[in-house]
Number of protein chains: 2
Amino acid sequence: MQTRRYHHGDLRAALLARAEQTLREKGPGALSLRELARELGVSHAAPSRHFKDKQALLDALALAGFDRLNEALTASQAAAGTSFAHRLGALARAYVDFALANAALLDLMYAVKHDPEASEALSAAAQRLGAMTMGLVADGQRSGDVREGPVERIGIPVFTTLHGFAGFAMSRVLSAEEVESGLDDVIAYMLRGCAA
Amino acid sequence: MQTRRYHHGDLRAALLARAEQTLREKGPGALSLRELARELGVSHAAPSRHFKDKQALLDALALAGFDRLNEALTASQAAAGTSFAHRLGALARAYVDFALANAALLDLMYAVKHDPEASEALSAAAQRLGAMTMGLVADGQRSGDVREGPVERIGIPVFTTLHGFAGFAMSRVLSAEEVESGLDDVIAYMLRGCAA
DNA sequence: ACCTGAACACCGTTCAAGT
DNA sequence: ACCTGAACACCGTTCAAGT
């Protein structure tokens with residue numbers, strides 16, 4: 001008659017999914033391994049089979065966040081056509097949308113408290129995002145929309161602006177209205193910054 | 001003979017100072033009210049007289065961080081002469097230096113988990129930084145280094161870039177070398193972005 | 001006014017034991 | 001292989017009581 005003995009599915013995936021939900025709905029302070037276990041109907045020691053400690057779960061959560069952001073940015077490019085200006089605008093829009101919809105997760109992704117080895121993996125994930133921007137800028141150079149020169153000397157500043165604007169959206173330094181009205185200005189400014 | 005009875009000085013200030021030191025040296029995970037109290041030689045309940053809970057201490061720490069950053073940026077302007085390019089460069093340099101020297105604190109300053117009322121105060125503090133950038137851009141318009149138009153439509157993008165670069169330095173997405181070599185590129189890009 | 005000391009509920013982590 | 005249940009050390013918060 002016992003309706004739950006061992007957890008039937010993939011506890012690791014279930015923990016990550018539930019943790020992200022808690023992060024979104026109640027914030028990082030409400031994230032506890034014991035409560036997660038309770039909600040999933042397993043003992044409080046069960047999570048340790050899948051994450052050696054709480055930080056390991058946070059690291060995995062941040063890494064999954066980068067995967068999702070990467071997908072979102074990639075999707076924005078597939079849908080943006082071929083114009084450099086449109087593609088850059090779509091990239092900025094997608095990053096900002098992610099920041100607004102996943103503020104606490106984005107905070108975690110760039111947090112400063114990760115384990116050293118996880119930090120490397122997270123930096124690599126962030127660099128994959130940077131590489132997308134570099135590719136876009138390189139295309140812009142080929143089409144004559146972006147000035148010549150080593151791509152990273154233009155791409156890093158552009159990526160920096162994207163990151164900063166998403167950060168302001170995330171931390172609510174800019175209100176929703178300011179984000180909306182400011183986005184076009186930021187895009188125009190980036191275009192000027194890298195124009196031929 | 002008892003060398004410590006009541007804490008003799010300003011416990012509130014002592015808590016903030018010690019908390020910032022712990023944050024810097026051991027990271028946010030090592031910050032505990034009880035340990036802070038232990039280190040200062042008071043009972044574990046004493047901090048509650050000065051901060052209603054742990055979050056209140058974190059809020060105060062973040063606010064103090066904004067004050068210090070504000071001072072650093074203001075000082076950079078006083079030392080930078082009158083050239084727009086030099087002043088913008090000094091502002092960027094000062095923000096990045098702060099990020100490198102106070103990574104965990106900067107993370108906390110823009111964190112997403114603050115109390116609603118503290119969040120407002122922190123946003124206001126961030127906006128004071130933004131106002132400095134706006135003032136600089138307005139000066140640039142007067143000297144003819146920056147194109148005409150509503151100052152916030154140029155100043156917000158510039159401040160966004162400063163913030164993003166400091167964020168990359170903070171979270172070690174860019175290595176120390178990349179920060180050093182990238183700073184000049186970012187400055188040149190900002191100048192292009194707002195040039196007449 | 002400011003702090004103590006005990007108490008409470010909760011947490012992360014570990015480990016022998018179970019299936 | 002995966003999970004349980006008890007145990008340990010620690011934490012944040014509250015509150016009557018002390019000075």
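What you see is a predicted model; the values in this text were computed from it and never measured.
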To the nearest Å, how far apart are A:R49 CZ and C:dT13 P? 14 Å
Taking OP1 and OP2 of C:dG12, is either one under 4.0 Å from a side-chain nitrogen or oxygen of A:S32? yes
Are the ring centres of B:H163 and B:Y110 closer than 6.0 Å? yes
Find the distance B:D10:CG to C:dA1:P and express it as a whole number of Å. 16 Å
Looking at D:dT14, C:dT13, D:dT4, which one has an atom nearest to any side-chain atom of A:L33? C:dT13
Bracket string, DNA chain C, 5' to 3' - pairs by Watson-Crick or G-U geometry under 3.5 Å, | interstrand: ||.|||||...|||||.||
Less than 4.0 angstrom from a charged side-chain N to a carboxylate O is my criterion; do A:E20 and A:R68 meet it? yes
Among A:T160, A:L183, A:I187, find the one that has a side-chain contact (heavy atoms from CB on, under 4.5 Å) with A:F165. A:L183
Go through the N and O atoms of the side chain of A:R34 and the base of C:dT13, and report whether any donor-acceptor pair is under 3.5 Å. yes
Could you state the CG-C1' distance from A:L57 to C:dT13, rounded to the nearest angstrom? 15 Å
When the distance from CG of A:D53 to C1' of C:dC11 is rounded to whole Å, what number comes out? 14 Å
Side chain to side chain donor-acceptor pair (under 3.5 Å) for B:T161 and A:Y189? Distances and angles first, verdict last. CA-CA 10 Å; B:T161 307; A:Y189 157 90; 2.8 Å; yes
What nucleic acid atoms does A:R38 come within less than 4.0 Å of, heavy atoms only: base, sugar-phosphate, or nothing? sugar-phosphate
Length of the NZ-P vector between B:K113 and D:dG12, whole Å: 12 Å
Are B:L40 and B:L23 connected into the same hydrophobic cluster when the rule is that any two of I, L, V, M, F, W, Y join if their side-chain heavy atoms are below 4.5 Å apart? yes
Closest heavy-atom pair, A:A46 versus A:L11, reported as atoms and distance to 0.1 Å, is CB-CD2, 3.9 Å
Looking at D:dC3, I'd like to know if its phosphate oxygens (OP1 or OP2) sit under 4.0 Å from a side-chain N or O belonging to A:H50. yes
Where the side chain of B:H44 is defined as all heavy atoms beyond and including C-beta, which of D:dT14, D:dG12, C:dT14 is the nearest nucleotide? D:dT14
CG of B:L11 versus P of C:dA1: gap in Å, rounded? 17 Å
Proximity to the side chain of A:K54 - top-ranked nucleotide from D:dG5, C:dG12, D:dC3: C:dG12
Output the single nucleotide from C:dT13, D:dT14, D:dT4 whose closest atom is nearest the side chain of A:V42. D:dT4
Which residue, A:E35 or A:K52, contacts DNA chain C at a nucleotide closer to its 5' end, judged by nearest heavy atom? A:E35
Under the side-chain hydrogen bond (donor to acceptor under 3.5 Å, both in side chains) definition, can you give me all pairs with a residue in residues 30-50 of chain A, not counting sequence neighbours? A:R18-A:E39
Length of the line joining B:L36:CG and D:dC10:C1', which is rounded to integer Å: 15 Å
